[in-house]
Student: 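Submitted below is the structure of interest, expressed as structure tokens.
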There are 2 protein chains.
Amino acid sequence: MSDEKGVYTYAYPRPAVTTDCVIFGYDIKDGLSVLLVERGLEPYKGCWAFPGGFLKMDETADACARRELEEETSLSLGEESNLLAQLGCFSGVDRDPRGRVITIAYYALVRKAEVRGGDDARAARWFPIQAVPQLAFDHELILRTALKRLKEDIHFKPVGFDLLPATFTMPQLQNLYESILEVHFDRRNFAGKMLKLGILEATGERPAGTPRSIPVSYRFKRDRYREMKAAGFKLEF
Amino acid sequence: MSDEKGVYTYAYPRPAVTTDCVIFGYDIKDGLSVLLVERGLEPYKGCWAFPGGFLKMDETADACARRELEEETSLSLGEESNLLAQLGCFSGVDRDPRGRVITIAYYALVRKAEVRGGDDARAARWFPIQAVPQLAFDHELILRTALKRLKEDIHFKPVGFDLLPATFTMPQLQNLYESILEVHFDRRNFAGKMLKLGILEATGERPAGTPRSIPVSYRFKRDRYREMKAAGFKLEF
DNA sequence: CGGATATGCGTAAAAAATACACAAAAAATT
DNA sequence: AATTTTTTGTGTATTTTTTACGCATATCCG
């Protein structure tokens with residue numbers, strides 16, 4: 001490993017550089033949730049924070065975020081993931097008691113999966129967005145920024161791809177949008193718009209008996225979505 | 001100054017951290033332009049690049065970007081500027097021949113003003129966006145990213161505030177939008193939409209003789225714009 | 001069994017986007 | 001100097017999109 005402990009000297013002072021990951025998940029029961037780890041080391045030992053850690057000299061910030069996420073939560077982000085996006089750099093002078101540390105924050109949307117603590121993280125857990133505990137460092141600011149960004153992104157990117165199970169119903173999809181945007185839609189209009197986008201397909205024929213009040217299952221048409229993304233599409237709500 | 005040359009040692013290696021500024025300007029003659037400086041030092045000495053430089057230990061990235069911009073181009077960004085936005089962190093492992101250097105890129109829109117080189121910059125100049133020379137480091141990637149971002153932002157923010165002179169005509173405003181988005185609009189529809197937003201006001205009465213083919217001058221209503229921004233508005237094109 | 005609730009389907013009204021024609025003044029051309 | 005071309009402002013009819021809402025049926029729950 002190229003990052004063995006040693007002594008590194010520079011002519012000018014340098015900040016330490018970390019990455020942090022704001023990972024959103026979703027299920028019907030808890031609504032929108034966020035993934036946190038319990039810190040196993042000082043500072044803020046025992047406090048909850050976003051998974052993340054120091055940048056190594058031979059990896060990009062992107063790679064660092066993925067690595068730290070996997071080490072601390074066992075969650076690995078496939079290259080497929082639509083939304084591993086850079087959220088921004090947080091560079092407040094006093095944001096870390098250890099000294100000058102800047103962080104590059106990322107955020108991603110995933111299907112909620114089992115997570116377990118590891119490495120510097122004593123534990124890893126999903127928290128419903130309404131029940132997030134006090135956070136270490138300036139992570140509350142980072143969370144607010146991520147939520148704001150998510151609300152913007154949802155207008156342009158089909159977030160369901162990443163947050164929902166492979167097949168889902170229209171009411172579920174609507175519930176997802178409503179819980180992120182904190183608004184309510186008329187269900188007929190919502191379904192109409194979604195279907196008109198052409199990125200959904202019904203997963204099975206409705207049983208012959210045409211039962212009505214059991215929802216139809218859909219899945220996303222990945223190919224169709226890719227086409228539309230290339231052409232540049234927009235979701236309006 | 002806290003950043004005197006000396007020897008700074010750390011237990012783990014650290015990347016150097018810089019900021020770079022992508023500054024867009026606009027005038028009728030050249031259309032959209034970007035501000036570059038000619039590097040006075042190695043590496044890439046004599047090559048054109050974005051103004052920027054190393055982060056000091058007692059300043060945020062934001063402050064660093066503003067400081068370096070002023071030092072190298074004599075351009076100072078008022079706090080009023082709507083669009084000094086973080087563009088993202090560029091962290092390619094080999095992006096700087098001096099070693100590991102990551103940069104936090106910013107971008108801003110300003111009224112084109114006289115600029116002069118200073119500090120590490122031998123010269124500073126505006127380049128029309130179609131005539132940008134070869135750039136140092138990975139600055140071509142940064143420029144592409146900034147242009148993409150600008151095209152997105154224009155849908156939500158009244159970029160004219162920052163790019164146009166205090167008073168301007170409707171054809172000028174339209175020309176600005178057309179040169180950023182690289183499309184053409186019907187002028188009646190464009191004017192109609194713009195006026196309906198309610199953020200413009202005619203600056204003077206049309207002379208009594210009602211001459212037709214001399215454009216009406218407008219100015220932005222800053223107060224009205226602030227209100228709308230708080231309520232969250234959207235420009236469609 | 002009966003009432004409350006959820007789902008799908010379709011339509012009428014309102015709002016917005018779009019395409020388009022004309023007259024007058026300025027600018028360019030001859 | 002006369003003529004043509006370009007530029008600007010104004011308004012309207014048409015199409016498209018968005019929004020609001022009614023209804024029949026099936027499930028859920030006591």
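Lettering of chains follows the sequences in order, A, B, ..., and the numbering in each one begins at 1. Here the structure is a predicted model, which is why all the values come from computation and not from measurement.
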Student: Let me know the distance between CG of D186(B) and C1' of dT8(D), rounded to the nearest Å.
Tutor: 13 Å
Student: Among dA17(C), dG9(D), dT19(D), which nucleotide has an atom closest to any side-chain atom of V216(B)?
Tutor: dG9(D)
Student: Whether the side chain of R187(A) and the base of dT7(C) hold a donor-acceptor pair under 3.5 Å is what I'd like checked.
Tutor: yes
Student: Which class fits the ring pair F168(B) and Y218(B): parallel under 30°, tilted 30 to 60°, perpendicular over 60°?
Tutor: tilted
Student: Which listed nucleotide (dA20(D), dA21(C), dT18(D)) is nearest to the side chain of R188(B)?
Tutor: dA21(C)
Student: Among dG9(D), dT18(D), dA19(C), which nucleotide has an atom closest to any side-chain atom of P171(B)?
Tutor: dG9(D)
Student: At less than 4.0 Å, is any side-chain N or O atom of K193(A) found next to OP1 or OP2 of dT19(D)? Yes or no.
Tutor: yes
Student: For V115(A), does its backbone N or O pair with a side-chain atom of W126(A) as donor and acceptor, under 3.5 Å?
Tutor: no
Student: Write down the distance between CE (M170(B)) and P (dT8(D)), rounded to a whole number of angstrom.
Tutor: 12 Å
Student: Among dC21(D), dT18(C), dA17(C), find the nucleotide with the atom closest to the side chain of N189(B).
Tutor: dT18(C)
Student: What is the distance, rounded to the nearest whole Å, between atom CZ of F190(B) and atom P of dT7(D)?
Tutor: 17 Å
Student: Is R222(B) positioned over the aromatic face of F220(B), cation under 6.0 angstrom from the ring centre and no more than 45 degrees off axis?
Tutor: no
